[in-house]
Structures are given as structure tokens and as C-alpha cells.
There are 2 protein chains.
Amino acid sequence: MPKNPQPPAKPLDATDLALVRLLEQDGRMSNAMLAREVGIAESTCLVRVRSLRERGVVRGIHADIDPVAVGRPVEAMIAVRFGGHRRSHFEQFTEEVPRLPGVLGAFHVSGAIDYFVHVACESADALRDFVLDHLTNRPGVLHAETSLIFESLRGRGTLAPPEDDPEEEAADRA
Amino acid sequence: MPKNPQPPAKPLDATDLALVRLLEQDGRMSNAMLAREVGIAESTCLVRVRSLRERGVVRGIHADIDPVAVGRPVEAMIAVRFGGHRRSHFEQFTEEVPRLPGVLGAFHVSGAIDYFVHVACESADALRDFVLDHLTNRPGVLHAETSLIFESLRGRGTLAPPEDDPEEEAADRA
DNA sequence: CATGAAAGTAAAACGAC
DNA sequence: GTCGTTTTACTTTCATG
């Protein structure tokens with residue numbers, strides 16, 4: 001599994017961006033269809049997609065699961081505030097929080113709040129236990145404020161507009 | 001594209017849960033390997049996975065893209081507060097926010113905050129413009145508080161523990 | 001780096017149970 | 001619902017430009 005946070009950070013060309021956009025929209029699209037869509041040979045497409053994964057541009061491909069369907073109908077966003085702000089506390093939390101049960105995402109942020117934790121639980125009780133056991137009851141944590149999620153929406157991702165390549169813009173002006 | 005929010009909400013059996021867990025971990029795992037892993041025929045596996053998608057248990061399969069690599073290095077979580085709380089404002093926002101450029105997710109929540117918006121922007125300037133153009137300058141919005149994201153972590157998803165099926169527990173005790 | 005062709009695999013449909 | 005088989009399609013490697 002590539003953990004590269006893109007060390008050289010090579011800029012992607014238009015083809016790479018097109019592949020990224022397609023995979024972001026449908027991560028199970030076949031290599032053959034990807035190749036057809038972006039207009040390159042299948043073998044070339046395979047190499048490019050593999051490179052995108054190795055470079056860490058594509059960090060992974062995951063099914064988006066409805067939490068309700070798998071018995072975790074209670075979703076919440078929990079704002080966590082630390083006291084003291086010792087580096088070790090953040091580091092430990094950063095390491096452990098993704099592995100806590102039901103955690104969908106966690107965000108280390110600037111400002112009054114230190115962490116947002118997005119979680120899906122089996123019940124309101126389970127949510128309370130999660131907060132008490134894993135957040136409030138943790139060295140360094142001052143406060144955890146839980147917001148129940150009424151509705152969770154997926155955005156269109158990092159590449160909403162099809163592409164901003166010069167040719168297309170030229171065509172638009174014509 | 002199936003939009004079913006699981007109308008009958010049939011409970012998933014252990015095989016379905018295993019498939020969900022595997023696809024959540026690796027959405028590109030081949031049908032053949034899925035079948036092998038969960039111990040069913042490939043043709044059966046195909047039917048079950050298709051059913052999971054049709055029932056909306058699997059809402060989609062998407063590549064997880066590093067925003068930095070595609071030119072959106074500034075990530076933020078924006079807490080949005082509405083005034084008046086007119087239903088129409090929420091409905092319009094709910095409809096439009098997933099389509100705004102760079103939006104990765106949005107969460108309608110209970111409490112002092114009404115919405116959390118997770119966004120990836122090209123720059124700090126672009127983030128400011130996003131907030132001003134699409135959030136602050138929107139009918140009904142009272143306030144938007146932006147937290148820069150230092151680090152974004154993916155959780156293990158809805159099904160962290162492998163499975164809690166009786167056989168496995170029995171095996172563990174042996 | 002990109003390609004086409006060849007060899008190996010996998011997906012999808014089907015009939016049977 | 002599940003399965004084994006067959007047909008169709010795809011992935012992947014490799015030699016070449």
C-alpha cells in the first residue's frame with residue numbers, strides 16, 4: 001500500500017485529471033472503459049492508473065455504505081477540544097481515532113475546535129458510550145460537543161467541473 | 001442509479017455484511033476474490049453485490065483522491081448557522097451544496113450549528129471566495145465559521161470489527 | 001512513455017437445482 | 001437463492017516504435 005504523500009508532487013496532465021475525475025465518480029469503472037473515455041490505449045491506461053495509485057493521487061477506492069443498512073443509524077459530528085495542546089496528545093489521537101469503531105472520518109483543524117470526528121453508531125446509547133469512552137475520557141481532551149447528523153450529503157468531489165483545459169476553453173469561446 | 005433509501009430495509013445476513021466490509025476496504029476487489037473470501041460461488045456473489053447496490057446498501061464506489069495532488073491543497077470544515085430556520089432554506093441548501101465546487105461532504109446537524117461543509121479549495125483566496133459567494137451570501141445564512149483542516153483522516157468505516165458471527169466467536173473460544 | 005497483440009482472468013448470462 | 005458452465009469481455013504482460 002503506497003503511503004507516499006507525493007514527495008516530488010509532479011503535476012498531473014489533462015489525461016491524469018480525466019482519469020481521476022472518472023474514478024472519483026465511479027471507482028469500479030473498468031480499465032477498458034476508462035481508456036475509451038479518455039482516448040488512450042488500454043495498456044497505457046493501466047500504467048497511468050497504477051501510477052496515480054503509487055503516487056498517492058488516488059489514495060484508495062472504497063464503497064460508500066449506508067450506515068442505516070448495516071445497523072449504525074445514528075450519525076454524529078463531534079467537535080473535540082484539547083487542553084494544553086501537547087503535541088503527544090494530538091499524535092496519539094491522530095493515530096488512534098481512525099481505528100475507533102464506527103469512525104468514518106476525522107479532521108484535525110485550526111481554531112477553537114481541535115478535531116472533528118465523524119462517526120456512525122448503533123444507537124444513541126452507543127454514541128454516548130463512544131464519546132465518553134474514547135473522547136471525553138482521554139488524556140488531554142477538555143470537551144466534546146456532539147451534533148447529531150440529520151442528513152449526510154456527498155459532494156461531487158475534488159474535480160467537479162469536467163476539466164479546465166485550454167482547448168476546451170478555446171472551444172467554448174468559439 | 002438507485003436512490004432507494006432501503007424502503008423495506010431487509011436486514012443483511014453475515015455474507016452480505018462480509019461483502020460490505022470487503023468493498024468498504026477495497027472497492028476494486030474483483031468479484032472472483034470477493035466470492036473466494038466470503039465462501040460463495042462467483043455467480044452468487046455477483047447477484048448479491050448487485051442486490052446490495054440496488055437496495056442502496058452500497059451507495060456508490062468512489063476513488064479517494066488526495067486534494068493536494070489535484071490542485072486543491074486548502075481543506076476546510078465550515079460550520080454554517082441559519083437564521084429563521086425556514087424549511088425552504090434548508091431544502092434549497094441541501095439540494096445545492098453537494099454541487100458547489102470542491103465540496104467533499106456536507107452534514108445537516110442538530111444543535112447550535114445547522115450545517116458542516118467539508119470543502120477543498122485551490123487556495124486561501126479561493127476558500128474565502130467560496131465562503132462569501134456560496135455560504136455567507138445566501139438567503140437565510142446567519143454565520144459561517146471556517147476551520148482550516150491540518151490533517152484529514154479516513155476511518156475504517158461502518159464495519160470495523162471483522163464480523164460478529166457466532167461461528168467465529170465459538171472458534172475464538174476454542 | 002505509448003501502443004497493439006497475445007495470454008491469462010474475470011464478469012455476466014443461463015439453465016438446472 | 002445458489003450453483004456450475006459457457007460465452008463474452010476485460011486485465012495484464014511484453015515486444016516494439
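Bear in mind the structure is a predicted one, so any value in this text is a computation, not a measurement. Letters A, B, ... are given to chains in the order of the sequence lines, protein chains preceding strands, and every chain is numbered from 1.
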With side-chain hydrogen bond (donor to acceptor under 3.5 Å, both in side chains) as the criterion, how do B/His134 and B/Glu96 come out once you've worked through the C-alpha distance, each side chain's angles and the decisive distance to 0.1 Å?
CA-CA 10 Å; B/His134 301 299; B/Glu96 293 176 9; over 6 Å; no
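Distance, A/Met33 CE to C/dA10 C1': 15 Å, rounded to whole Å. Per the geometry, CG belonging to B/Leu46 stands 13 Å off P belonging to D/dC3, to the nearest Å. Whole-Å rounding puts the A/Asn31 CG to C/dA11 P distance at 14 Å. Counting to the nearest Å, the P atom of D/dC10 and the CZ atom of B/Arg28 are 12 Å from each other. Going from atom CG of A/Leu34 over to atom P of C/dA2 covers 15 Å, rounded to whole Å. As a whole-Å value, the separation of A/Asp16 CG from C/dA2 C1' is 13 Å. Remark: P of C/dT3 and CD1 of A/Ile40 are 7 Å apart, rounded to the nearest angstrom. Atom-to-atom, CZ of A/Arg50 to P of C/dA2 comes out at 13 Å; the value is rounded to the nearest Å.
In this pair, B/Tyr115 and B/His108 present their aromatic rings parallel. The plane angle is below 30°, not in the 30 to 60° band. Note on ring orientation: taking the six-membered ring where Trp is involved, the planes of B/Phe82 and B/Phe93 are perpendicular (angle over 60°, cut-offs 30° and 60°).
The side chain of A/Thr44 contributes an N or O atom lying less than 4.0 Å from OP1 or OP2 of C/dT3. Residue A/Arg48 places at least one side-chain N or O closer than 4.0 Å to OP1 or OP2 of C/dA2. Under 4.0 angstrom from either OP1 or OP2 of C/dT9 there lies no side-chain N or O belonging to B/Arg36.
Distances from the side chain of A/Ala41 to the nucleotides C/dA10, D/dC3, C/dT3 place C/dT3 closest.
Among the heavy atoms of the strands lying under 4.0 Å from B/Ser43 is at least one base atom, whether or not backbone atoms are also near.
Using a 3.5 Å distance cut-off with no hydrogens or angles, the side chains of B/Arg55 and B/Ser51 do pair a donor with an acceptor.
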